[in-house]
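By convention here, the first residue in the shown sequence is residue 1.
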Amino acid sequence: MREGFYFYHTFAKRRTKVMDLLIKGGTVVTATSSFKADVAVKNGKISAIGANLKPEKKTEVVDAKGKMILPGAIDGHTHLAMPFGGTVATDDYFTGTRAAACGGTTTVFDFVLQGVGETMDAALERRDAICKADGPAIDYSYHIGVGDVTTPEMLASMDECVKRGVTSFKVFMVYDFGVDDGQFFETLQHAAKIGALVGVHAENRDVNNCLIKEYLAEGKTDAWYHYMSKNEAVAGEADVRAINLAKMAGTSLYIVHLDNKQGVDAVAQAREEGYPIFAETCPQYLYFTKDVYKNGIPELDLRARDFVCSPPMKGKESMDALWNGIKNGTVSTLATDHCPFLKSEKDWGITKKDGTPGDFTSIPNGCAGIENMYPYILSEANKGRISFEKAVQISATNPAKLFGIDYCKGAIEVGLDADIVIYDPKKEFVVKNAENQHGALDHTIWEEAKFKGYPVATYSRGKLVFDGKDYVGESGDGQFVKCKKVKFKSPEF
C-alpha cells in the first residue's frame, strides 16, 4: 500500500498546477487499497492524487475530512423506458439516470433489444435516438439483447455494433424471443472472433413453461407461483448448461443476475478450472428472499406482486451462497436489473389491462434499484460484512474492465474521468420513496431500508450532479461511452 501511495504522491507533485476542483482530506478507496489523499480534477479528468495538494487560484476546494472518496458506480444492467407486457418501465433515460446519480452511480449500461428481422446495429441506432431524446443525466453505454441470429446477416450485425463501441451482447435462454442452444453457441463463437463479451439470462425455458401451465391449470395464480415456476432448479440447470456451452465454444461468458446456489457453485468450479466465466448478482438477491412472494411486506404497503421480477428472489441458502461468492471472488460484479413499473400495473396480476382476470404471468416483471445499489453495498461494507475495497471492486472497477471502459471509468486514478462519490460513513439514511428518491416511481421495494453511511456528493466528469439531497445536474449531461474490444483467456482480468 505504501508503494502505491508513493506513486500517487510523487506523480501528483508533478501535476499540481492543473486543477479546477480539489477534494481534500478524504480517504481514497480503490479495489485493492485505501489511503488518505487529496484528489484534484481538471477538465473533467482526475489530474492528481496525493497528500497536501495546494489549490490554485479559482480552484474549488471541497472538504472531505472524515469521508471517503470513491469511484462512481457502474450499473451494468438496466432497462430504462423498456416496453414490457403492454406498458413501459416508468423510468426513462433521464429519470432513471437522475436517480442513479443521486445514489452514486455515474455510468449505466442499458439494453438494446433487437427485434426479429432487425439487424443489431439498426436496433442500436433506434434505441440510442430514444436515449438522446430523453437526455440522460450521466454517462451511458449499451449491451445488445440478441433477438434474432437466425441468418448469417443477423449474426454478422454484431460486428458493426463492436465498431461503434458496443462490445457486449446478451442472449436469453427463456421467453419466446430467447435463443436455442445452437444459436447461443454460434453467438459465443462469433463473439470470440470479434472481441466481444456475451452475457446470458439463464433459466430453463421449457421447464418454466411446463410449470406455468401446470400451476395455472390448478388455479394457482398468485405471485408465489412466479417464484415456483422460476425456482432454484430452473435457474441452476440453465447456469450449468450455459457454462458448458461457453466451454465448448472456447470463449468467455458473463452470467447476468445470478441468483441461486447451484449457479454459484458452477461458476466457482469453472473459474477454478481456469475458464473465463464471470457472474453478476443484484442487490435484491442479497437483501430479500422468496418469502416476499407469500405476503409481500404488508406494514410497508408492499404486496407480493410488487416484488415480481425475473429471475425472482430465491431462498436463504442461495442468498448465503451469493454473499460467499462476493467475498471469495466467484461473483465479479453487482448490478440492478432496474426495471420499475407502477403499482397499478403490478395489479394486472389480479385484473388485466382489458378487465379480465389476471395471474402471475400478467404482472410486469421488474423492480427499482438504480438509486439503492451503491448505498446498499457500501452500507454492508460499513457494517463489516465485506470490505470497502470489495464494494468498489464489484460496483465500479470490475464492471469497467469487463465491459471495456476501464480506460476512462471505474477507479480513482490519474487520467480517468472524474466520476467521484464523496461518501459519509456516519450518515444514517432511510429510504422513503415519497421523500428522498429521485426516479419516476410510485413505490420502491427498498422502502424503509436503512443504510449506514450514504453518498453526500456525486461528480460526473468533475461536475457536481448530486449535492447530498437534490439532483443538481442537467438533462443531457450524460455522454455515450465507447467500449473497447474485450477478450478474456482466464478468470482473471
Side-chain angles (χ1 to χ4, degrees), residues 77 79 81-91 111 113 115-116 145 147 170-180 200-239 256-257 259-260 282 284-285 288-297 302-315 318 336-369 441-443 445:
H77 193 147
H79 296 282
M82 191 187 86
F84 187 94
T87 186
V88 178
T90 58
D91 267 329
F111 279 92
L113 300 181
V116 174
K170 175 186 174 184
V171 299
F172 297 82
M173 298 172 75
V174 71
Y175 306 130
D176 56 4
F177 56 83
V179 299
D180 62 31
V200 59
H201 177 144
E203 291 181 293
N204 187 308
R205 174 172 47 199
D206 293 336
V207 173
N208 179 214
N209 288 340
C210 284
L211 290 173
I212 289 172
K213 183 178 179 181
E214 175 184 322
Y215 292 136
L216 292 181
E218 295 172 352
K220 298 173 178 176
T221 60
D222 60 57
W224 174 251
Y225 294 96
H226 172 71
Y227 156 71
M228 287 292 289
S229 64
K230 291 174 169 286
N231 61 51
E232 285 83 347
V234 171
E237 184 280 331
D239 289 325
V256 304
H257 47 49
D259 64 344
N260 68 94
C282 305
Q284 58 266 31
Y285 306 126
F288 300 100
T289 69
K290 63 185 181 181
D291 289 344
V292 295
Y293 297 114
K294 294 177 180 176
N295 298 305
I297 309 178
L302 291 171
R303 300 85 50 87
R305 56 189 176 275
D306 295 328
F307 292 89
V308 166
C309 57
S310 286
M313 293 70 154
K314 301 299 194 291
S318 288
T336 63
D337 199 5
H338 180 82
C339 191
F341 297 95
L342 299 174
K343 274 197 165 188
S344 59
E345 293 166 337
K346 292 289 188 177
D347 289 344
W348 293 348
I350 305 299
T351 304
K352 294 181 186 178
K353 193 175 183 179
D354 63 5
T356 60
D359 55 60
F360 65 89
T361 67
S362 53
I363 304 170
N365 282 204
C367 299
L441 313 175
D442 67 353
H443 75 286
I445 61 172

Once rounded to the nearest 0.5 Å, what's the spacing between atom CZ of Phe84 and atom OG of Ser310? 6.5 Å
Kindly write out the residues that satisfy ring-ring contact (aromatic ring centres under 6.0 Å, His included) with Phe177, not counting sequence neighbours, or none if the list is empty. Phe172, Tyr175
What closest approach, in Å, do Pro312 and His226 show between heavy atoms, and which atom pair accounts for it? CB-CD2, 3.7 Å
Distance, nearest 0.5 Å, that separates NE2 of His201 from NZ of Lys170: 6.5 Å
dist Met313:CE -> Cys367:SG (nearest 0.5 Å) comes out at 5.0 Å
Any residue meeting side-chain contact (heavy atoms from CB on, under 4.5 Å) with Ser344, in chain and number order, not counting sequence neighbours: Leu342
What's the shortest heavy-atom distance between Ser318 and Asp259, and which atoms? CB-O, 3.5 Å
Review item, side-chain donor-acceptor pairs of residues 206-215, under 3.5 Å, at least two apart:
| residue | atom | partner | partner atom | Å |
| --- | --- | --- | --- | --- |
| Asn208 | ND2 | Ser229 | O | 2.8 |
| Asn209 | ND2 | Arg205 | O | 3.4 |

Applying salt bridge (Lys or Arg N to Asp or Glu O under 4.0 Å) as the test, list every pair that has at least one member in residues 225-235; sequence neighbours left out. Glu203-Lys230
Distance, nearest 0.5 Å, that separates NZ of Lys290 from NZ of Lys314: 10.0 Å
I need the Ser362 OG to Lys352 NZ distance, nearest 0.5 Å. 5.5 Å
Tell me, please, which residues at least two apart from His443 pass side-chain contact (heavy atoms from CB on, under 4.5 Å). Leu302, Asp306, Lys343
Search all heavy atoms of Gly358 against all heavy atoms of Thr221 and return the closest pair with its distance. O-CB, 4.5 Å
For Lys220, what residues pass the salt bridge (charged side-chain N to carboxylate O under 4.0 Å, His left out) criterion, not counting sequence neighbours? Glu218
Closest non-hydrogen atom pair, Gly369 against His338: N-ND1, 3.0 Å
Using the test side-chain contact (heavy atoms from CB on, under 4.5 Å), find all partners of Ala238 that sit at least two apart in sequence or belong to another chain. Met173, Ala202, Arg241
About how many Å separate CE of Met228 and CG of Asp222, when rounded to the nearest 0.5 Å? 11.0 Å
Distance-minimising heavy-atom pair for Ile445 and Gln284: CD1-CB, 4.5 Å
side-chain contact (heavy atoms from CB on, under 4.5 Å) against Thr87, all qualifying residues, sequence neighbours excluded: Phe341, Glu345, Trp348, Pro364
Between Asn365 and Ile363 (side chain of the first, backbone of the second, donor and acceptor by atom type, cut-off under 3.5 Å), is there such a pair? yes
If every non-hydrogen atom of Val308 is compared with every non-hydrogen atom of Ala223, which pair is closest and at what distance? CG2-CB, 4.0 Å
Contacts of Asp359 that satisfy side-chain hydrogen bond (donor to acceptor under 3.5 Å, both in side chains) - sequence neighbours left out: Thr361
Would you confirm whether Tyr227, through its side chain, and Val292, through its main-chain N or O, come within 3.5 Å as a donor-acceptor pair? no
Residues in ring-ring contact (aromatic ring centres under 6.0 Å, His included) with Phe360, at least two apart? none
Applying salt bridge (charged side-chain N to carboxylate O under 4.0 Å, His left out) to Asp347 and not counting sequence neighbours gives Arg303, Arg305
Only counting residues at least two apart or in another chain, list the ones meeting salt bridge (charged side-chain N to carboxylate O under 4.0 Å, His left out) with Asp337. none
Between Thr356 and Thr351, is there a donor-acceptor pair closer than 3.5 Å when you use the side chain of the first and the backbone of the second? no
